[in-house]
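Quick notes on the structure that follows.
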Amino acid sequence: GYGEYDEEDEAGSDDEVPEADGNLPEINRTFVKTALWEGKELPVYDGRQAGPRNLPEGHKSFSPLQLFMLLFPLELFEIIVIQTNLYFLQTCEENLGHVQLLTVHEFFVWIALHIMMMKSWAGAQDAYWYGEGSFDARVYMSRRRFYWIKKHLHFADKSTRPAEGMPGWDPLYLLRPLIDTFNYTFRYYWTLGEYVSLDEMMINFKGHNPFHRFIPRKPHPNGTKLHAICDAAFYFCVAFMVDDNVKHTIPVIASTLFAGIVVAGMTVITDRYYTCTDLVRFCLSRSVGFVGSTMSTRFLAKHTFRGWSKEEAKRRPRGDFEVATNRDTDIGCCIWKDKGVVKLTMTTESTVRVKLTRRQRGLPSFLIKAPLAAQTFDRYFHGVDRNDQLRGDGYGLALTFRAMKYTIKFFLGMLDIVLSNTWIIWRFLHPKDSKKHRKWINRLAAELLVYNPKGDPVHTWTSPNS
């Protein structure tokens, strides 16, 4: 999050960041040092509290499966089943009389088996069919059937995909039903609070992927990159945008993510990858506050703070900071000595001197001086990271299971996000059960195993050699 003063920071970011499209007015880059920056006065936030919304009546008595089905609706399950069967019929080289098409109930069982395996991973999926796992998967589905579903799983009809360069061509065509559905349900069932976190997520995958990105210093640097916004208080992922290798400008990314949910008086918290002149102007034009760490190459007041050379920064005491402002555009910049040198750009938060708690291994916690903007950043920036952490530690379907196709890996990553968002809603509705996560996921898996909304025929798999 914080942009530390090092060689990589001076050279720029790890990823190529799209620059301005020229449609926004220029900012006067003349900044003057000042003792205090009060911040731009924005419209008063309407006071809406972050939390679930539009839930059906009686939602407090809903089971984990009922909440899960709000974010992952049955209509999407039906689309996936139809497209999977269609793909099999299009590519089938077998005798159709010996192959049974996928049903909605079977797909629920397939997902439940993934969740059950993930909870007690035995090192390989095959182990659960050979008596080496924590449960016997042969009771629920044959091994051959499990891998048949994984092999043919599809979300859109490849035969109707427009060719590249033709009207209607979409690089995300094969994933579009998942992206559109989840972006709708996430927005529909959650209200953002006053502070919003904007950051990136990664769905790990090392195979052939047209949207492959490599981001150093990430726990899983290879995979599909998502631009995401999360509620900074509860870490609920409200919207995401897949990085499809099209060079979208930062304002285009922001306008896509915030469409229909941005409210005047909100404050966007982000890191040095996204912080740029265009994003600041985008927020100002919509009466939205902004606080973000900034890399040296895009720090608006870098010429004002020439005295903060790396040699002098090392000599400065921890907690020392200076402020510069541009009154014409209501933008403030701050350079602050923490463990490294931190550069902040803000439009609303004051630079009143406060104290932050810091910890160091082997030593008791201690207080250091800091501007109020740094405290706000420190408190609210990690919304996306917390959702990522919950997705990886609590579920980790995309981390646990291998896949040969990027579409399957993306589906597992989306399933992780749906599960984490469902748990956040459950925890909000049942605060006394907030620490019973394992019990909750066990109950959800058990409900998925028996859920049969379409009345599909249920098969019993008992063959030890299946």
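Values below: every heavy atom of this structure, side chains too, minus hydrogens, waters and symmetry copies. Everything numeric in this text was worked out from a predicted model, so none of it was measured.
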Option passing side chain to side chain contact (heavy atoms under 4.5 Å, CB included) with F410 (candidates L172, L415, I203):
I203
Tell me whether R391 contacts the main-chain N or O of R386 through its side chain, where contact means a donor paired with an acceptor under 3.5 Å.
no
Show the numbers, then the answer: is there a side-chain contact (heavy atoms from CB on, under 4.5 Å) between V450 and H105?
CA-CA 8 Å; V450 299; H105 172 65; 5.8 Å; no
Is it true that the NZ or CZ of K225 lies under 6.0 Å from the centre of Y273's six-membered ring and within 45 degrees of the ring axis?
yes
Testing the 3.5 Å rule here: is there a donor-acceptor pair between the side chains of [X] and [Y]?
X: T249; Y: D278; result: no
X: Y235; Y: H382; result: no
X: T160; Y: Y173; result: yes
X: D126; Y: Y147; result: yes
X: D199; Y: S197; result: no

When rounded to the nearest 0.5 angstrom, what is the spacing between CD1 in I80 and CG in N85?
12.0 Å
Begin with the C-alpha distance, continue with both residues' side-chain angles, and end with the deciding distance and a verdict on side-chain hydrogen bond (donor to acceptor under 3.5 Å, both in side chains) for T270 and T275.
CA-CA 7 Å; T270 188; T275 300; 5.1 Å; no
Taking the six-membered ring for Trp, are F205 and Y406 closer than 6.0 Å centroid to centroid?
no
Quick check on the 6.0 Å ring-centre criterion: do F290 and F282 meet it?
no
Salt bridge or not between D456 and K454? Use side-chain N to carboxylate O under 4.0 Å.
no
Given side chains that start at C-beta, do those of T422 and W440 come closer than 4.5 Å, heavy atoms only?
yes
Could you check whether any side-chain heavy atom of L399 comes within less than 4.5 Å of a side-chain heavy atom of H220, counting everything from C-beta outward?
yes
Run the ring pair (Phe, Tyr, Trp, His ring centres under 6.0 Å) test on F401 and W121 for me, step by step, so that the C-alpha distance in whole Å, both residues' side-chain angles and the decisive distance to 0.1 Å come before the verdict.
CA-CA 10 Å; F401 303 109; W121 183 233; 5.3 Å; yes
When the ring planes of W148 and H152 are compared, do they come out parallel, tilted or perpendicular, using 30° and 60° as the limits?
tilted
Apply the ring-ring contact (aromatic ring centres under 6.0 Å, His included) test between F72 and each candidate in Y451, F182, F107; give the one that qualifies.
F182
